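The next block holds one structure in the form of structure tokens; read it before the comments.
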Amino acid sequence: METLRQLLVGREISELSRVTHLLGEPEQLAEAVGGVLPSAAARVPHAQLGEALAPAVETAVQRSIQKSPRTLTDILYPVFLPAIRKSIGEKIDQTFQSLNETLRHIFTWHGLKWRFESWRTGASFSEVVLKHSLVYRVEHVFLINRNSGLLIAHVAADNATSEDPQLISSMLSAIQDFVKDSFNEKEQSGLDTIRFGELRLWSEVGPFATLVAVIRGNPPEELHEIVRDVLLRIHDEYSQALEQFDGDGSPLAGIETQLQTCVELKQEDSNQGFPWLVVAAVLLVLIPAGGWFFLSWQSGQRWQAYVSRLGTQPGIIVAEQKVRDGQFYIAGLRDPLGADPQSLLSGTHVDPARVHSQWQFYQSLEPEFVLKRLTASLAPPDTVRLSIVKDRIVAEGEAPDTWIDRARAAARQLSAGGPEFDISKVRDVSPEARAAEHWRAYVSRLEAQPGIIVAEQAARGGHFYISGLRDPLGADPQSLLSGTHVDPARVHSQWQFYQSLEPEFVLKRLTASLAPPDTVRLSVVQGRIVAEGEAPDTWIDRARAAARQLSAGGPEFDISKVRDVSPEARAAEHWQAYVSRLEAQPGIIVAEQKVRNGQFYIAGLRDPLGADPQSLLSGTHVDAARVHSQWQFYQSLEPEFVLKRLTASLAPPKSVLLSIVRGRIVVVGEAPANWISRARAAAEQLSVDGVVLDVSQLRELNLAELNHLRDAIQATDIFFYSGKAVPGPEQIPVLDRLADQIKELAQKARKSGITARFMLTGHADATGRETANVSISAARAETVRALLNKRGVAPELLLVRGAGTFEPVVPENSRTGSSTNRRVSITVSLE
């Protein structure tokens, strides 16, 4: 039985004995329970564990505080003191903000309107002021990882614009790190507010993330509390995911919904009803006083405008004017021919009943008044015109001697202080003398007419007699009487027809008799009749006969410039013009050309860079179907063709200019040594053919200084701390030196005709996820570009890229691998 018991329950008996021994030894029991208590506490539901431990923990805490209260104070002091200080600061800012806005608007029109609104609604005046003056809108919200500076989430309001959110996140982290490093701030502190014009950046710092709100306008201080509540809710829901964030946002799905509540925050100025009662009360006081002052001022202005208007009137002299008891008084001198002062009141809005005037009549010596009196007294005839010329009264025209005598007497009677009356330009004429003068003008007009010869003319007994010769093609003497003021009924004429030998009449008769074709033009050249153009031989024979028949005293008829042409002869002439045009073209040599059986044949040499002979046929009137050409290609040694080939083969740099100077090709500028060698070899080859390529003005481009600067720039690296997108303060001298070197290289390269470009490549170590490494490497390159731009480097010279961990400078497993690979390198290209 003992053996059977050992076989069946021997193991259980042994374990029971061990447990009994363990329970009997307190030290061993405590050690066993301590080994399993952590895992047991982890598996127990939180509610049950809290209920079980609450009495013990509360008793332990109470005894600890009673025993050493300072210990709890030391623990809570670093946590609660900054929060209390920040809360008190915000309340103080809120109080001062309310006080400032209240004082700013207390004596303004808006202040009166808002006081009425405060009285109407029952709210305090400061609350109404803040409601209308603190107008704001939250446009962007950024949630940034506190350790690495990587962007966790970004939400923007409608119609809000910005650049790359990742770049903005990097810049904000850079500013935070810069302030901490520069002023030795504690890790818990952070940059609260940044203000730029209408934009404000408010930052709230949490355990694992920082929330940055971009606000446009003037936000109230209470907004800090709202933003802080959103950040606390995010940390409550996503605490573990925020702590372990490495660039992957998938565990934080839904966090943008929390941030959306921030961008929906805004306050617009509400347009309340206008305080008509206040306005009405003010207007009841101001309108009568303002109306009285305005009417008085307006009345004075209108009276002064009327007085000024009178002072500018000719013939009116204002001696005195004044205003007394609402009445207007004015006195002076007035010419009866001047404007009526009473009529000038019209349109001035001055009450005529309030105007008392006293005017004395006088005669003004101003020229326009003297002219009116002379015109009224002398009554000049229609043939005399009186006008004012440079303050003188001038009479011009024709008048009888009796009127001229009266005018001279009036000129002597004018006052010495008046204007001069000049009648020297008035002619003394009688009706008969005027008629004779008109007749002489008519005769002179006839004598100037071609085809009319006046043989005799006379005036007798009030009638006019004229005779002579007249060509039928000339002007009609009777029609020429029009406009001469000669009475046609008193003119007796006798004309004999004849053929005038003046060139224009001979030309008309030749044109009518010969009927020249459209290709012939007849014209008068230096007293000769010249025919030019092309015509058949039959017409030329008729023209020669007409030239022989012309009278010996007539003009010469020259037909030497008329060519006798047939269709074939014209085609041959056009062909010769085309051949001459080809021979004048550079790069074309005509070796042979002929015409046979109505066909045209041409052969020779042609440079491929020269003009196309076929295209030159355009406009020559040569039938292209009748032209047979045979051209052999060759290379012309004319300078323009040699220059084109040299440009294509040598491909000169931008710093070199090739041009033709007096038949020579001249190369001027700076170039690398190998290009100069190629140019000299080409010059030697061309000299054999007699073409001069002058390379004496070509200088070798010195790239040693540029290469030295490029090596110095490419040897420079900007290093970063782990997880940081902004270089440390020890890199500032390196950035200053690098910016100076880049600007110097770009300037010297530009002078040498070379374009320099700089590639900024960001690198990261192998710590963390690859996506986060690529993001932080790109952010580092963007940060360096921004820092170089701030130091005066042109942005178009800088290109950026993020290489992540793919281009390490040293292996990661080496001692300095990680710190060396966290860098931004620079690559320089010269084009």
Side-chain angles (χ1 to χ4, degrees), residues 507 510-511 513-523 525 528-548 556-649 660 663 665 685-686 688-692:
L507 176 61
L510 284 175
T511 303
S513 62
L514 292 178
D518 295 338
T519 56
V520 174
R521 182 173 64 89
L522 275 67
S523 60
V525 179
R528 298 182 308 130
I529 299 174
V530 178
E532 296 177 284
E534 301 174 348
D537 51 359
T538 54
W539 188 89
I540 294 177
D541 292 339
R542 289 172 52 213
R544 285 176 181 150
R548 288 192 297 270
E556 178 186 356
F557 183 24
D558 183 4
I559 59 173
S560 62
K561 295 182 180 181
V562 180
R563 290 173 294 173
D564 182 8
V565 294
S566 62
E568 289 300 324
R570 187 176 301 167
E573 185 176 350
H574 292 163
W575 170 252
Q576 291 302 323
Y578 169 63
V579 172
S580 300
R581 186 177 181 184
L582 281 180
E583 291 175 339
Q585 289 293 322
I588 294 179
I589 300 175
V590 178
E592 182 182 3
Q593 65 88 15
K594 59 184 177 180
V595 182
R596 186 171 66 246
N597 298 329
Q599 303 293 313
F600 305 103
Y601 299 89
I602 191 167
L605 302 176
R606 172 195 165 204
D607 192 295
L609 298 177
D612 183 8
Q614 197 70 16
S615 64
L616 294 175
L617 278 171
S618 175
T620 61
H621 303 290
V622 176
D623 185 4
R626 298 168 63 188
V627 177
H628 308 277
S629 57
Q630 187 175 4
W631 300 101
Q632 299 292 330
F633 287 114
Y634 85 113
Q635 286 192 353
S636 174
L637 294 178
E638 295 187 23
E640 54 264 37
F641 294 100
V642 177
L643 177 60
K644 290 180 181 179
R645 292 188 177 89
L646 281 175
T647 303
S649 61
I660 299 174
I665 300 175
Q685 293 176 359
L686 290 173
V688 178
D689 298 326
V691 179
V692 178

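None of the values given here were measured: they were computed from a predicted structure.
The main-chain N or O of Q599 is never found under 3.5 Å from a side-chain atom of N597 such that the two would form a donor-acceptor pair. Between the R542 side chain and the L514 main chain, a donor and an acceptor come within less than 3.5 Å of each other. The main-chain N or O of L646 is found under 3.5 Å from a side-chain atom of S649 such that the two form a donor-acceptor pair. Here the side chain of R581 pairs a donor or acceptor atom with the backbone of L616 at under 3.5 angstrom. In this structure, the side chain of R528 does not engage the main chain of F557 through any donor-acceptor pair within 3.5 Å.
Residues satisfying the ring-ring contact (aromatic ring centres under 6.0 Å, His included) test with W539, not counting sequence neighbours, are none. Qualifying side-chain hydrogen bond (donor to acceptor under 3.5 Å, both in side chains) partners for R544, counting only residues two or more places apart in sequence or in other chains: none.
When side chains are defined from C-beta on, H621 does not count as touching Y578, because their heavy atoms never get closer than 4.5 Å. V562 places none of its side-chain heavy atoms less than 4.5 Å from the side chain of E534.
Rounding to the nearest 0.5 Å gives a distance of 8.5 Å between CG of L637 and CZ of R645. The distance from the CD1 atom of I589 to the CG atom of L582 is 12.5 Å, given to the nearest 0.5 Å. Distance check: Q585 CD to D607 CG gives 12.0 Å after rounding to the nearest 0.5 Å.
Taking every heavy atom of both residues into account, V627 and D623 meet most closely at CG2-O, 3.5 Å. For the residue pair V520 and A535, the shortest heavy atom distance occurs at CG2-CB, 3.6 Å.
Taking the six-membered ring where tryptophan is involved, the planes of Y601 and H628 are essentially parallel, since the angle between them stays under 30° and well short of 60°.
Annotation: side-chain hydrogen bond (donor to acceptor under 3.5 Å, both in side chains) contacts involving residues 630-639, sequence neighbours excluded, are absent.
For D689, the CG atom counts as densely surrounded, since its 6.0 Å shell holds more than 12 non-hydrogen atoms of other residues, nucleotides or ligands.
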